[in-house]
Amino acid sequence: MRILSIALMLVTMLISIAEVQAQNPFITNQFTADPSARVFGDRVFVFPSHDILAQEGKGRVGWFCMEDYHTFSSTNLTDWTDHGVIVTQNKVPWVRPDSYSMWAPDCIERNGKYYFYFPTAAKDTVAYGRGFTIGVAVADKPEGPYIPEATPIKGVRGIDPNVFIDKDGQAYLYWSAGNIYGAKLKANMLELDSEVFTLGELPTKGLKEGPFVFERNGIYYMTYPHVENKIERLEYAIGTNPLGPFKIVGAIMDESPSGCWTNHHSIVQFKNQWYLFYHDKDYSPKFDKARSIRIDSLSFNADGTIKKVIPTLRGVGVTAANKQIQIDRYTQLSEQGISIAFLDTLNTFKGWKTIFNGAGAWLQYNSVDFGNKPLKNVTINAMSTDGAVLQLRANSITGPIIAELRIAKSNEWKLTKSTVQKTQTGVQNLFVVSKDGKQVEVDWISFE
């Protein structure tokens, strides 16, 4: 029995530590939101909240519903490992077990320990009050296991914890509850070490929440989602002290074209490039309480102000040519003759397909790594009721033809293989062009 138990445990570990391919959204096996990204060693770890769909007896139907947290990590921002559940509501001593309100978290390292901060509702409302408070779980490794503290942080009421450690070693905790608040933390990272400050220089009208603070070249950036109009956009203010005063500067990212009511983010530097982590409702376009996390590059002007980030589907990172290239996460499309749709509207996690139906219609997918050895063949997973011809070109719609794919007539998805005509090496931009204008649906393309 003991051997069987160990075997089952190992299988469970292998299942939970799953590889996830990425463009945007970059986690493709579950709903995720509120990504807190941190660089630990040579890896980026992301600590998001985990949206699930509420049902009778399990959360509030039609509202946000979260019962646990996963963490994910990557060395290249393309291939992500799901390390499985690190904290769950039913295993935290002070949490109301039916709250389903494990909202936006954060994590930080200090002296070889990893401190995971999370908001939720307490079961003892006499001791901790009604509504949200914030707790901590501690681990020796960023992927856990995390051991929750027996009680939440004294003196903190609210959501969206964010932790910042300044260059002098002083740690700060920020959170939101109508306003955005901040306080110093003791060196043990578990208790406040100052009075609570209301950071009142921020917008006074419209909801603001989700603080994320970082420092660059002596400037402290207070970034936050704010409802300026009808839905949240990402904004920032700057100051010369971690607790302000801050001067409002402007928007980091405008309101989502999808109409997703929330956005929540983090900003980190990894391998000399800055990145914005945020969320939208990619896998759930009709219900914005089931969200998905994304990454795009971020940069600064010479005076330290942030250049506005335009959200993309392509995201960041390099895609190996011998992997399945999901061209529906495109960089750019022609104005006519092409569209994107779900493969299966009943299971959106299966992803998307690209539909070509016009002569000369094209799609651009940037940063494909063709390696340094000649590629011989290319395979496409496609379906065309009338048959169709697609060309793969390098770097432009009139660039060298890498291969020509003749997709046979079929009402089912079929794999079509073709010989590479002009091999490529290194990182190139891939263009897929409709030669004959006949309708064809494409799932993925892969070279070998």
Side-chain angles (χ1 to χ4, degrees), residues 20-28 31-39 43-49 72-80 104 106 162 210 212-214 216 221 223-226 231-236 249-285 288 291-301 304-319 325-333 340 351-352 363-369 427 429-430:
V20 182
Q21 289 287 307
Q23 289 97 35
N24 273 338
F26 68 93
I27 300 303
T28 59
F31 294 119
T32 49
D34 315 317
S36 179
R38 296 294 183 185
V39 178
R43 301 184 74 89
V44 173
F45 281 80
V46 177
F47 300 85
S49 52
F72 304 84
S73 73
S74 175
T75 58
N76 58 11
L77 303 181
T78 298
D79 304 298
W80 289 88
D106 195 11
N162 166 240
F212 187 87
V213 173
F214 68 97
R216 177 182 178 271
Y221 293 79
T223 68
Y224 50 91
H226 174 225
I231 63 176
E232 289 184 342
R233 70 182 187 189
L234 301 180
E235 299 178 1
Y236 75 109
V249 180
I252 302 169
M253 176 177 281
D254 288 331
E255 294 88 346
S256 171
S258 76
C260 186
W261 193 86
T262 64
N263 200 352
H264 191 117
H265 69 296
S266 57
I267 296 172
V268 297
Q269 186 181 32
F270 181 60
K271 297 181 179 178
N272 299 316
Q273 173 62 51
W274 288 85
Y275 296 97
L276 173 70
F277 290 72
Y278 63 104
H279 71 233
D280 211 301
K281 56 174 184 172
D282 298 88
Y283 288 119
S284 179
D288 63 3
R291 299 154 297 177
S292 302
I293 56 178
R294 295 173 161 206
I295 324 170
D296 274 301
S297 297
L298 177 143
S299 57
F300 297 83
N301 295 305
T305 54
I306 298 173
K307 294 181 180 180
K308 189 179 290 185
V309 177
I310 307 300
T312 74
L313 294 177
R314 177 61 186 89
V316 300
V318 176
T319 301
I325 304 169
Q326 306 289 343
I327 63 170
D328 48 77
R329 307 295 85 191
Y330 59 87
T331 302
Q332 192 173 355
L333 293 176
I340 308 296
W352 295 265
L363 178 148
Q364 177 182 350
Y365 183 100
N366 283 357
S367 302
V368 176
D369 187 357
V427 177
N429 296 337
L430 176 68

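The figures that follow rest on heavy atoms only: side chains count, while hydrogens, waters and symmetry mates do not. Note that the numbering runs from 1 along the sequence shown for the chain.
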Considering only heavy atoms from C-beta outward, does the side chain of [X] approach that of [Y] to under 4.5 Å?
X      : Y      : value
Arg329 : Asn24  : no
Trp80  : Val46  : yes
Gln23  : Asp328 : no
Ser74  : Phe26  : no
Pro35  : Phe72  : no
Ile252 : Leu298 : yes
Thr262 : Cys260 : yes
Ile267 : Tyr221 : no

For [Y], does its backbone N or O pair with a side-chain atom of [X] as donor and acceptor, under 3.5 Å?
X      : Y      : result
Asp296 : Thr312 : yes
Glu255 : Leu234 : no
Asn162 : Val213 : yes
Thr331 : Arg314 : no
Thr319 : Ile325 : no
Asn76  : Thr78  : yes

Q) Which class fits the ring pair Phe214 and Phe212: parallel under 30°, tilted 30 to 60°, perpendicular over 60°? A) tilted
(Q) Angle between ring planes, Phe300 versus Trp274, binned at 30° and 60°: parallel, tilted or perpendicular? (A) perpendicular
Q) Who passes side-chain hydrogen bond (donor to acceptor under 3.5 Å, both in side chains) against Ser36, sequence neighbours left out? A) Asp106
Q: Please list, chain by chain and in numerical order, all residues satisfying side-chain hydrogen bond (donor to acceptor under 3.5 Å, both in side chains) with Asn366, sequence neighbours excluded.
A: Gln364, Asn429
Q | Rounded distance [0.5 Å steps], CG in Asp254 versus CD in Glu232 | A |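 Result: 13.5 Å between the selected atoms.
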